[in-house]
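Report on the following structure.
Computed from heavy atoms alone, side chains included, the values below leave out hydrogens, waters and symmetry copies.
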Amino acid sequence: MKQQFKEEIENNKEFQNIIQELITNDTVQQMKNYRQHYETTCFEHCYIAAYFCYIICKKYNLDYKSATRAAMLHDLFLYDWRIKNNRKGFHAFTHGKLACQNACKLFKLNEKEKDIIIKHMWPVTLAFPKSTEGFILTLVDKYCAISESLEVIKSRLFMKKAFRYAYLFLSLIIIKI
């Protein structure tokens with residue numbers, strides 16, 4: 001996470017107040033032990049998604065508190081999804097319900113928060129979110145996943161000398177035009 005963006009999130013008192021109860025919970029802290037997309041942990045992924053949901057929903061006068069809380073808990077599954085083990089079904093189809101069950105054991109969630117968590121994988125799962133806030137999380141979740149993946153792919157790509165030179169050459173051509 002870029003330092004400036006990290007500071008913006010940490011300095012947003014209202015956002016921090018909404019998620020304080022969640023992020024100080026020991027079980028939620030365990031999300032830091034599981035990778036989500038490449039080098040991003042489940043905790044970091046949910047934290048960023050929660051902030052984006054907070055910003056978007058607040059701007060459009062939606063229920064930003066429920067959206068923020070649900071986004072922070074939407075991937076509370078506590079396992080490495082790359083390893084099958086004894087799980088039933090594919091992770092993409094089942095983890096929303098599992099995350100909701102885990103979150104309900106720890107916190108009092110309203111019906112909107114539950115629906116947002118369960119249905120955040122639409123359109124992979126066919127269940128469409130009931131609320132605009134739920135639809136926003138589905139979009140934010142996909143955006144974060146793509147951003148996290150592209151950031152790593154880009155950094156790995158530019159670690160190779162040939163790609164660095166090709167990029168420099170292409171940049172010089174574009175600047176010259």
Could you go through the side-chain contact (heavy atoms from CB on, under 4.5 Å) check for Asp63 and Lys112 one step at a time?
-> CA-CA 9 Å; Asp63 183 359; Lys112 184 181 282 187; 3.6 Å; yes
Pairwise side-chain contact, Leu106 with Leu22, heavy-atom cut-off 4.5 Å (strictly under) | no
Flag side-chain contact, heavy atom, 4.5 Å: Tyr64 against Ile18 | yes
Exceeds 12 heavy-atom contacts within 6.0 angstrom, atom NZ of Lys65 = no
Heavy-atom closest pair (His120 atom, Thr138 atom, distance to 0.1 Å) is O-CG2, 3.4 Å
Which atoms form the tightest heavy-atom contact between Leu73 and Ala99, and what is the distance?
-> O-CB, 3.8 Å
Identify the heavy atoms of Thr27 and Asn25 that sit nearest to each other, and give their distance.
-> N-OD1, 2.7 Å
Examine the side chains of Glu14 and Tyr54 and answer whether a donor and an acceptor come within less than 3.5 Å of each other.
-> yes
Test item: Thr41 and Asn33 side chains (from C-beta on) under 4.5 Å apart, heavy atoms | no
Please answer whether the main-chain N or O of Leu76 pairs with a side-chain N or O of Asn102 as donor and acceptor at a distance below 3.5 Å.
-> yes
Report yes if some heavy atom in the side chain of Cys53 is under 4.5 Å from a heavy atom in the side chain of Glu133; otherwise report no.
-> no
Could you check Cys57 against Thr68 for side-chain contact (heavy atoms from CB on, under 4.5 Å), going step by step and ending with a plain yes or no?
-> CA-CA 9 Å; Cys57 290; Thr68 302; over 6 Å; no
Considering non-hydrogen atoms only, spot the tightest contact between Ile117 and Ala70 and give its length.
-> CG1-O, 3.6 Å
Test item: Gln16 side-chain N/O and Asn11 main-chain N/O as donor-acceptor pair under 3.5 Å | no
Test item: side-chain donor near acceptor, Ser66 and Asn110, under 3.5 Å | yes
Considering all heavy atoms, the nearest Thr40-His45 contact = CG2-N, 3.7 Å
Ala50 and Met72 have their tightest heavy-atom pair at CB-N, 3.8 Å
Flag if over 12 foreign heavy atoms under 6.0 Å of CZ, Phe128 = yes
Side-chain heavy atoms of Leu137 within contact of Phe52, under 4.5 Å | no
Any side-chain heavy atom of Asp141 sitting closer than 4.5 Å to one from Met121?
-> yes
Any side-chain heavy atom of Tyr47 sitting closer than 4.5 Å to one from Ile19?
-> yes
Check ion pair Arg69-Glu21 (N to O, under 4.0 angstrom) = yes
Report yes if the side chains of Ile116 and Ser131 come closer than 4.5 Å at any heavy-atom pair, otherwise no.
-> yes
